[in-house]
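Contents: one structure, followed by commentary.
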Amino acid sequence: MKHSEYSAVIVGSGAAGLFAALKLSSQITLPDGILIVTKSTIGESNSKYAQGGIVGVLHQNKEDNVESHIEDTLRAGAGLSDKKVVKYISELSDTVINDLITYGVKFDKDKFGNLNFTLEAAHSHRRILHSGGDATGKGIVDALCKKVEEDSNITVLENTMAVELLINSNNETKGLIIYNSLTGEHEIVYSSAVILATGGVGQVYKYTTNPEGATGDGLDLAYNAGAIIQDMEFIQFHPTALALTPKSKERFLISEAVRGEGAKLIDSSGKEFMSKYHDKRELAPRDIVTRAIYSEMKKSHTTNMFLNASVIDKNKLAERFPTISKKCSVNGIDISSSPIPVAPAAHYTMGGIKATVEGKTSISGLYAIGEAASTGLHGANRLASNSLLECVVCAYELADYLSFANLETPKIIDNAIMQTIGIYSKPLTDIEYNIPELKQKLKDLMWNKAGIIRNERDLKSAISEIETMKANFKRERKCANIQEYEYRNMLTAAQLITESALNRTESVGAHSREDFKNSIQNEAKHSNIKKCNNTEIVEYVG
Ligand code: FAD
Ligand code: SIN
């Protein structure tokens with residue numbers, strides 16, 4: 001197998017991966033350079049589709065402050081956010097937003113040239129910065145991609161997937177195996193710092209706002225290497241995704257910011273219903289709005305509710321939400337006059353690879369940042385627009401941490417590493433799988449049995465079906481193509497979600513058990529799962 005060496009390897013080119021690469025490059029002299037491997041083209045990621053914005057607790061915004069943002073984040077996190085982490089990330093918001101601006105991100109301004117702050121659900125202040133109206137992710141990713149492409153310390157390998165970590169007998173990360181989907185070749189990359197910035201797992205569900213690549217790859221890699229995985233039962237379902245027809249699987253996001261600007265949720269007869277569920281109505285925490293819509297859909301035997309945006313001034317709608325207006329318009333909906341059909345969809349993974357704010361995981365040399373990581377910021381439920389903030393703050397902190405680390409490329413290849421390389425050197429058995437069909441079966445199963453409202457019977461049945469699906473997919477670890485690898489990784493993500501959801505016998509935040517209604521929020525503990533010699537260790541930690 002071909003091999004190469006880099007001082008640091010970043011997997012993924014969303015906001016977290018790109019920002020980490022730029023910060024590493026600007027802070028440290030790395031003799032062997034930085035490699036970004038990315039499954040698709042550079043910048044293709046969840047980040048690129050972010051709409052609402054990024055939290056900016058800026059010193060210049062006198063109406064807002066860090067304490068208020070901490071309170072809002074902790075309230076949304078339903079007792080499972082780590083206050084120290086929340087404070088740390090909130091305090092760095094001003095610094096990283098200014099960095100983004102320096103890198104060329106153009107946040108929207110008012111006619112006087114001042115930054116425009118908007119409101120989103122469960123925020124006490126207007127503190128969300130946006131770009132291109134509702135194209136914040138594109139604004140950030142495009143600017144960062146341009147900088148990465150100009151940086152001679154950074155090499156980018158597109159259409160290349162990380163498929164396995166190389167961990168030595170001392171439990172230290174020494175590199176990874178990558179798969180180039182254009183050549184069909186596997187290669188070895190040696191490095192003492194591997195950074196997983198691989199995003200979330202939305203594609204595990206039938207309905208999701210996430211693009212195709214969100215298949216939980218980093219999660220599988222880390223779990224298989226024995227890293228601690230935290231809080232996988234906490235999947236955030238966004239309340240308002242465009243539900244064009246009952247059968248259409250695409251769920252384009254209708255940003256919470258539309259409700260922030262005044263849009264109302266209505267049923268098919270035009271009646272508002274949110275006041276029955278929460279005093280903040282449309283701006284209640286996301287899990288509450290999701291369950292309210294879900295409950296109205298169940299009661300009325302319909303497949304969607306509606307969002308009435310016609311209450312917002314027509315010019316403002318067009319200016320603030322150009323992407324959403326256009327998407328609806330090409331599908332025959334003029335949002336300034338017609339209600340938008342909406343339904344919930346899997347949106348964000350609060351759990352993930354347990355990591356510190358600097359991205360350190362339970363394995364030496366392995367780092368996780370962004371949505372792939374679980375730092376304790378989001379707890380049981382993420383506050384809107386906190387995710388992009390977490391991506392950039394943790395990337396920033398990681399670069400700072402690594403500037404003091406020894407990033408010499410590894411010279412000793414021991415038996416444990418040779419064994420892993422051996423698996424990827426062997427030819428594959430000649431079996432063909434209908435992966436689109438298998439993926440769809442898994443997505444349907446997860447939606448129906450481990451979705452918005454859960455119970456023991458369904459979760460047990462889902463776990464047993466996932467076990468069967470794993471047994472029927474006869475690949476040791478090496479697979480034949482990206483589709484197969486994604487299916488392998490989705491099975492791991494599905495297993496971790498369902499097992500964690502079954503183990504948590506309480507309803508808290510986004511995890512709702514109809515057989516355990518009472519939340520015991522103040523006593524909730526994080527669920528940790530780790531693989532050890534092919535058995536699983538599950539524990540709960542405060
Ligand atoms: P991603 O941006 O998902 O990037 C992951 C990268 O890893 C991709 O490039 C992917 O191709 C690559 N990758 C994955 N696996 C592999 C592999 N095995 N090998 C190589 N490459 C791999 N959050 C907010 O804060 N504000 C918002 O307004 C907002 N709006 C959103 C709107 C939508 C439609 C969606 C889907 C999410 C939104 N979120 C928002 C959430 C937020 O966008 C994400 O949580 C965040 O962007 C994640 O960034 P990331 O860099 O961690 O991962
Ligand atoms: C949205 O724009 O509604 C998404 C914001 C987020 O997920 O943080």
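Whatever order the structure lists ligands and atoms in, that order sets their numbers, starting from 1. Heavy-atom basis, side chains included; hydrogens, waters and symmetry copies ignored.
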field: Non-neighbouring partners of Ser81 that pass side chain to side chain donor-acceptor pair (under 3.5 Å), sequence neighbours left out
entry: none
query: When the aromatic ring centroids of His3 and Tyr190 are compared, is their separation below 6.0 Å?
result: yes
message: Distance to the ring centre below 6.0 angstrom and angle to the axis at most 45 degrees; does that hold for Lys443 and Tyr205?
response: no
Shell of residues surrounding ligand 1, defined by a 4.0 angstrom heavy-atom cut-off that is strict: Val11, Gly12, Ser13, Gly14, Ala15, Ala16, Val37, Thr38, Lys39, Glu44, Ser45, Asn46, Ser47, Tyr49, Ala50, Gln51, Gly52, Gly53, Thr160, Met161, Ala162, Ala197, Thr198, Gly199, Thr209, Asn210, Asp217, Leu253, His347, Tyr348, Gly370, Glu371, Arg382, Ser385, Asn386, Ser387, Leu388, Cys391
Contacts of type side chain to side chain donor-acceptor pair (under 3.5 Å), residue Lys354, not counting sequence neighbours: Asn528
- prompt: Are any of the side-chain nitrogens in Glu150 or Lys146 under 4.0 Å away from the carboxylate oxygens of its partner?
  reply: yes
Salt bridge flag under 4.0 Å for residues Arg477 and Asp220: yes
message: I'd like to know whether the aromatic ring centres of Tyr433 and Tyr487 sit less than 6.0 Å apart in this structure.
response: no
query: Which of parallel (below 30°), tilted (30 to 60°) and perpendicular (above 60°) describes Tyr424 and Tyr485?
result: parallel
task: Look at the aromatic rings of Phe19 and Tyr103 and report parallel, tilted or perpendicular, splitting at 30° and 60°.
output: perpendicular
Residue shell around ligand 2, heavy atom under 4.0 angstrom: Gln51, Gly52, Glu120, His238, Leu253, Ser255, Glu256, Arg286, His347, Arg382, Ala384, Ser385
